[in-house]
Amino acid sequence: MVDGKPFLMLAGELRNSSSSSSEFLKPIWPRMAAMHLNTVLSAVQWETFEPQEGKFDFAFVDSQIQGAQTHNLRLVFLWFGSWKNGVSSYIPAWVKTNQERFPRVQDKEGKGIETLSTLSAANRDADARAFAALMRHIKEVDTYRTVVMIQVENEVGVLGDSRDRCEAANQAFAGPVPKELMDYLGSRKDSLHPLLRKAWEAAGSKTSGTWEEVFGKAPYTDELFMAWNYAGYMNRVAAAGKAEYALPMYVNTWCSMPAPDRGPGTYPSGGPEPQVQNIWKAAAPAIDIRSPDLYSPNFPVWVNWYRESYAPDDPLFIPETDGTTGAYHVFYALGQHDAMGFTPFAIDELGLTPPSPTATEPADLPIAKSYATLTQLAPVILENQGKGKMAGVVVVEGEPSQKIALGNYVLEARYPPNRMPPAPGSTPPVPVAPAHSGALFIALGPDEYLAAGSGPVEVTFAPNTPGAPIAGIVSIDEGTYVDGRWVPGRRLNGDENGQGKFLRIGGGRSRNGSIQRVKLYRYR
Ligand code: DGJ
């Protein structure tokens with residue numbers, strides 16, 4: 001909700017350090033607006049914000065708010081405090097150079113790594129003080145509520161070892177699992193993550209004991225321990241900020257599916273991974289949403305894996321993803337999972353690399369075209385969220401079609417097959433990666449659907465309720481939404497839809513539009 005109204009966040013995240021210079025940002029703002037973003041995710045780095053202890057630099061925060069506001073954009077600030085990608089690279093020099101006061105994680109060999117330890121009240125309190133100052137300032141200056149949400153830290157967890165082995169960590173690890181955690185887990189036995197339940201049961205379902213007594217001696221126990229400590233630390237930081245200004249706050253996850261060959265520490269151990277979700281929920285009530293950074297090609301599989309643990313408590317927010325594949329994945333995330341927002345990373349560089357002579361105009365980028373479509377559709381999407389009336393799909397060239405039951409029909413979607421194979425004897429085409437498309441569907445009524453996407457996607461329909469067995473197409477209109485009102489364009493009933501056989505979103509010789517409405521009927 002933004003300004004009392006539902007808000008669909010069509011966002012992009014700037015590169016990590018872009019926001020540390022307002023000059024650097026100047027040409028970026030209009031580019032973001034031209035790409036049809038409504039929100040920019042941008043960092044506030046602790047080192048830039050508090051260069052000397054207790055002395056805050058608000059200028060670069062203010063210029064971001066002003067730059068975004070001038071271009072009618074909202075902001076989500078990323079608090080790069082104690083950690084960014086597991087490491088403490090953005091901490092101020094006065095913290096970095098004072099290891100006595102601000103202790104580090106120690107690894108198996110007793111060596112320090114450049115990561116602040118969660119087991120230090122000094123680390124936590126210094127971070128919380130700075131974060132509170134930031135939130136207080138935003139509340140004071142952001143009269144038009146440009147800043148709508150906050151990411152607390154970035155992709156946290158210990159890298160290089162499964163847990164912190166500094167003295168305080170070793171002591172806590174050898175001590176009892178905190179009673180409040182045991183009570184929390186005990187009261188939710190039916191909703192524990194399967195790995196947690198298995199580890200606990202295998203160790204004898206004890207209700208007290210050390211971490212290894214309760215959960216067994218395994219890297220997973222180290223991960224549970226680190227999750228408790230990261231979540232507890234970040235809860236204190238978030239709560240200190242919320243005490244000043246209670247914007248929604250989320251954390252992002254460097255996602256790694258558990259695999260036998262890759263244990264915690266090869267990915268940040270203790271971050272909000274699904275397998276430690278119960279610990280995060282127990283220890284960090286001040287965090288509103290846990291969310292996945294998703295760069296892997298099989299986007300739907302990863303989204304489903306993350307959602308299995310965190311839905312329905314957490315809405316889906318994609319805080320980072322790839323800018324190119326994002327053009328079609330966004331339709332899947334919004335349609336299939338009611339996502340509240342979507343964010344390609346390094347959006348300020350998209351289309352600029354390779355170097356500028358070949359730079360793509362921002363509005364011509366595929367993600368910009370998708371966002372242009374979704375800007376029109378936002379009111380309809382928001383109206384239908386959470387009602388089971390939407391679906392989304394990603395289709396891949398050469399792969400089988402996918403069936404989606406939605407309303408009174410089953411929709412069968414596929415990447416349109418190539419109907420013109422190369423002529424016999426012609427040079428075989430150089431193999432290229434199969435193309436992908438994405439689409440979302442909204443059941444507008446018993447026999448009517450809205451379809452939109454980054455095509456091409458071809459869809460056929462079959463009845464899903466008793467009655468006449470064949471679905472026919474009465475009409476397909478392409479069109480636009482203007483202020484939430486449907487404005488039809490061409491009526492498509494020839495080659496564009498195979499003479500009434502299918503609905504085709506995008507592409508094709510007839511340049512089918514990206515938004516269409518189809519009316520169906522049934523016959524025998
Ligand atoms: C994930 C991190 O959260 C980002 O800050 C950035 O480092 C990207 N990875 C780079 O791909």
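Computation of the quantities below employed the complete heavy-atom set of this structure, encompassing side-chain atoms and omitting hydrogens, waters and symmetry-equivalent molecules. Atoms within each ligand, like the ligands themselves, are counted from 1 in listed order.
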Out of curiosity, is Lys84 lining ligand 1, as in a heavy atom under 4.0 Å away?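 Contact present.
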
Look at ligand 1 and say whether Tyr295 reaches it with a heavy atom at a distance under 4.0 Å.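 Tyr295: in contact with ligand 1 (<4.0 Å).
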
So does Val394 get a backbone contact from the side chain of Gln402, meaning a donor-acceptor N/O pair under 3.5 Å? yes

Just which atoms of ligand 1 are under 4.0 Å from any heavy atom in [X]?
{"X": "Asn154", "result": "2 (C), 3 (O), 5 (O)"}
{"X": "Asp293", "result": "3 (O)"}
{"X": "Glu155", "result": "1 (C), 2 (C), 3 (O)"}

Tell me yes or no: between the side chains of Tyr415 and Glu399, is some donor less than 3.5 Å from an acceptor? no

Measure up the Trp83 and Tyr230 rings against each other and bin them: parallel (under 30°), tilted (30 to 60°), perpendicular (over 60°). perpendicular

Ring-plane angle category for Trp305 and Trp302, please: parallel below 30°, perpendicular beyond 60°, tilted otherwise. perpendicular

Going by the closest heavy atom to atom 1 (C) of ligand 1, which one wins out of Glu320, Glu13, Arg15? Glu320

Check the surroundings of atom CD in Gln66: do more than 12 heavy atoms from other residues, nucleotides or ligands lie under 6.0 Å from it?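 Not buried by this count: 12 neighbours or fewer within 6.0 Å.
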
In Tyr295, Phe299, Phe342, the residue satisfying ring-ring contact (aromatic ring centres under 6.0 Å, His included) with His329 is Phe299

Heavy-atom distances under 4.0 Å decide this one: backbone, side chain, both or neither, for Phe345 against ligand 1? side chain

